[in-house]
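Let me begin by presenting the structure, written as structure tokens, before commenting on it.
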Amino acid sequence: MRQRNNAFDLLCGLCILRMVSLHIMQICGHGYDGWWQGVMSWTFFFMSFFFFKAGYFNKSLGGETMPYIIDRTRRLFVPYICWALIGNVVYFSFMPRMLHLYHNPIEPIHIAQVWDRGEAFGNLPLWFLLSFYVTYIAAHFIDKCRPLRWAIPLFPFVSYFWYTQGNPLWFGLDNVFIALYFFWLGMVWHRLMDWMGRRLTIEFSVFLVLFFVIGNLCWHCEYTMSSNRFTGNPVLAVINITAILCGLSGLLMALRVPRVRIISFIGEHSMVYFVAHYPMLYFYKFVHLSFGRSIYGRYDDIIILLPVVFCICSLLVPYVEAVPWLSGRYHKKLSEHTGQSAASLSHTGGDVGTMGR
């Protein structure tokens, strides 16, 4: 076992803390509170970080196409289907009770949301696994067509074009183009850090972080990956995200931050937290509604859910990771087309959050 990358585990853990907290705030009706919106305005780049991280630790996209696609399908698409079904079970198990009590579905049931946004009833965040899967497949074909690499810096503007058209691509895949940019950015930043060395990396990373802080204050622009939504100037939004992704990761790695036990554990096993937390939130919400109690607009339920969800997910880690079709972790060696063992690939595809070895 190689030593873990503490910087990426820490950042990944913070990403998961932010994402789960966001969903708890939303389901309890506080997602638009002023203080919370302030937090979100400084952390909007975190979902982009997963794609950046995948590119940073990527070793190979080449080899034969079919074995590569089969491997990505097993590691990403199969868990997507399995956790979508788990979310469906939780969601539709409560619907008869909800309809009996309230005479209308508590959450809108539009089958179009599946092929429009790639969301699953009862587990909406799964759009990410589908986008991640398609990003890997697209990156493989771009690697096969080398001249196309030079167009990757322009890919964010393709996503912006789809945004201006109302995001028409099926399964919410309008964000795949900018995801490919973040993936490519991670690979380039890895090589650039190797070239610069530790001291120059620290200096340049500090500059990038300060640039993001000043830019976020002077020309605040955001990008939301889940809905492929640009707020403000799209060029400045991409520049800001580029600066903070490279600057923050480079600074933490060059400073050789120590392992932060709880947050790093979450980052190391983030796939479990990512796929399992939302069905828990729906279960909690629907149980309360079944007894005529709404959790909307309440802070006490936030205080309960935050530790309970993280504790249950932590307990589930060894059990979920032991089941390949839930975790995407396969322990036998893969074919030679990747040049990697399953142990190393579990940090690039099978577990979207544990790419940090």
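Predicted model only: the values in this text are computed from it and were never measured.
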ask   = If we ignore angles and hydrogens, is there a donor and acceptor under 3.5 Å between the side chains of S327 and R329?
value = no
query = Just how far is it from atom CD1 of I142 to atom NZ of K144, taken to the nearest 0.5 Å?
reply = 13.5 Å
key: Cluster link I152 to I239, ILVMFWY, side chain under 4.5 Å   = no
inquiry  = Check this for me: R149, atom CZ, are more than 12 non-hydrogen atoms of other residues, nucleotides or ligands nearer than 6.0 Å?
reply    = yes
remark   = The ring-ring contact (aromatic ring centres under 6.0 Å, His included) partner of F8 among F50, Y56, W189 is Y56
ask   = Do V238 and V188 belong together in a cluster built from hydrophobic side chains that touch within less than 4.5 Å?
value = yes
query = If you round to the nearest 0.5 Å, how far is CE of M25 from OH of Y32?
reply = 12.0 Å
task = Can you measure from CG (L11) to CZ (F49) and round to the nearest 0.5 angstrom?
result = 4.5 Å
query = Would D194 and R191 pass as an ion pair if we require N to O under 4.0 Å?
reply = no
Nearest non-hydrogen partners of L208 and C246, listed with the distance = CD1-CB, 3.8 Å
note = When every non-hydrogen atom of F46 is compared with those of C15, the smallest separation belongs to CD2-SG, 3.0 Å
remark   = In short, V235 meets N233 closest at the heavy-atom pair N-OD1, 2.8 Å
ask   = Do the side chains of L17 and L315 join up, straight or via other hydrophobic residues, at under 4.5 Å, putting them in one cluster?
value = no
query = F128 vs F274 aromatic rings, parallel, tilted or perpendicular, using cut-offs 30° and 60°?
reply = perpendicular
message = Within a 6.0 Å radius of atom CH2 on W184, are there more than 12 heavy atoms belonging to other residues, nucleotides or ligands?
response = yes
Side-chain (W325) to main-chain (V78) donor-acceptor, under 3.5 angstrom = no
query = How about Y102: does its OH atom have over 12 heavy atoms from other parts shown lying under 6.0 Å from it?
reply = yes
key: R293 with D301: basic N within carboxylate O range, under 4.0 Å   = yes
ask   = Are the side chains of L22 and W36 in touch, meaning some heavy atoms are under 4.5 Å apart?
value = yes
Exercise: do Y133 and T73 side chains pair donor with acceptor under 3.5 Å = yes
remark   = In this structure, OG of S290 is separated from NZ of K285 (nearest 0.5 Å) by 12.0 Å
ask   = How long is the span from the CG atom in N88 to the CD1 atom in I81, to the nearest 0.5 Å?
value = 9.5 Å
ask   = Only one of F52, F51, Y136, F177 forms a ring-ring contact (aromatic ring centres under 6.0 Å, His included) with F183, so which one is it?
value = Y136
inquiry  = Just so I know, are the side chains of Y223 and T231 near enough to count as touching, which here means a heavy-atom distance under 4.5 Å?
reply    = no
request  = Flag yes if V90 and L316 sit in one hydrophobic cluster, no otherwise; membership is Ile, Leu, Val, Met, Phe, Trp, Tyr, and two members link when side-chain heavy atoms are under 4.5 Å apart.
outcome  = yes
message = Within the 4.5 Å heavy-atom criterion, are R97 and L99 side-chain neighbours or not?
response = no
ask   = Under a 4.5 Å cut-off applied to non-hydrogen side-chain atoms, are V287 and F94 in contact?
value = yes
query = Any side-chain donor paired with an acceptor under 3.5 Å for D143 and H140?
reply = no
task = Assess the side chains of N175 and W127: does a donor N or O sit below 3.5 Å from an acceptor N or O?
result = no
request  = Compute the ring centroids of Y160 and F230, then answer whether they are less than 6.0 Å apart.
outcome  = yes
ask   = Are the side chain of R259 and the backbone N or O of N6 linked by a donor-acceptor pair below 3.5 Å?
value = no
Distance under 6.0 Å and angle within 45° of ring axis: R72 vs F77 = no
ask   = Are F212 and F45 close enough that their ring centers fall under 6.0 Å?
value = yes
key: Check: S227/Y163 side-chain N/O donor and acceptor closer than 3.5 Å   = no
Verdict with supporting geometry, Y282 and Y278, ring-ring contact (aromatic ring centres under 6.0 Å, His included) = CA-CA 6 Å; Y282 262 122; Y278 214 80; 5.3 Å; yes
ask   = Between the side chains of S159 and D174, is a donor N or O closer than 3.5 angstrom to an acceptor N or O?
value = no
note = Between the SG atom in C82 and the CG atom in L126, the distance rounded to the nearest 0.5 Å is 10.5 Å
query = With a 4.5 Å heavy-atom cut-off, do R261 and F265 have their side chains touching?
reply = no
message = Testing I202, T201, L200 one by one against R198 for a side-chain contact (heavy atoms from CB on, under 4.5 Å), which residue passes?
response = I202
ask   = In this structure, are over 12 heavy atoms from other groups packed under 6.0 Å from F283 atom CZ?
value = no
ask   = Which atom pair, heavy atoms only, marks the closest approach of A84 to A120?
value = CB-CB, 3.6 Å
Contact summary for A179 and T135, nearest pair of heavy atoms = CB-OG1, 3.5 Å
query = Does the pair L85 and V89 meet the rule for a side chain to side chain contact (heavy atoms under 4.5 Å, CB included), with working shown?
reply = CA-CA 6 Å; L85 292 175; V89 169; 5.6 Å; no
inquiry  = Is there a path of hydrophobic side-chain contacts, each under 4.5 Å between heavy atoms, that joins W170 and L180?
reply    = yes
message = I'd like to know if the side chain of S314 pairs up with that of Y273 as donor and acceptor (distance under 3.5 Å, no hydrogens or angles considered).
response = yes
message = Using a 6.0 Å cut-off, check whether atom CD1 of I262 has over 12 heavy atoms from anything other than its own residue.
response = no
F92 atom CZ: more than 12 heavy-atom contacts under 6.0 Å = yes
message = To check you understand the geometry: which heavy-atom pair defines the closest contact between F182 and S48, and what is its length?
response = CE1-OG, 3.4 Å
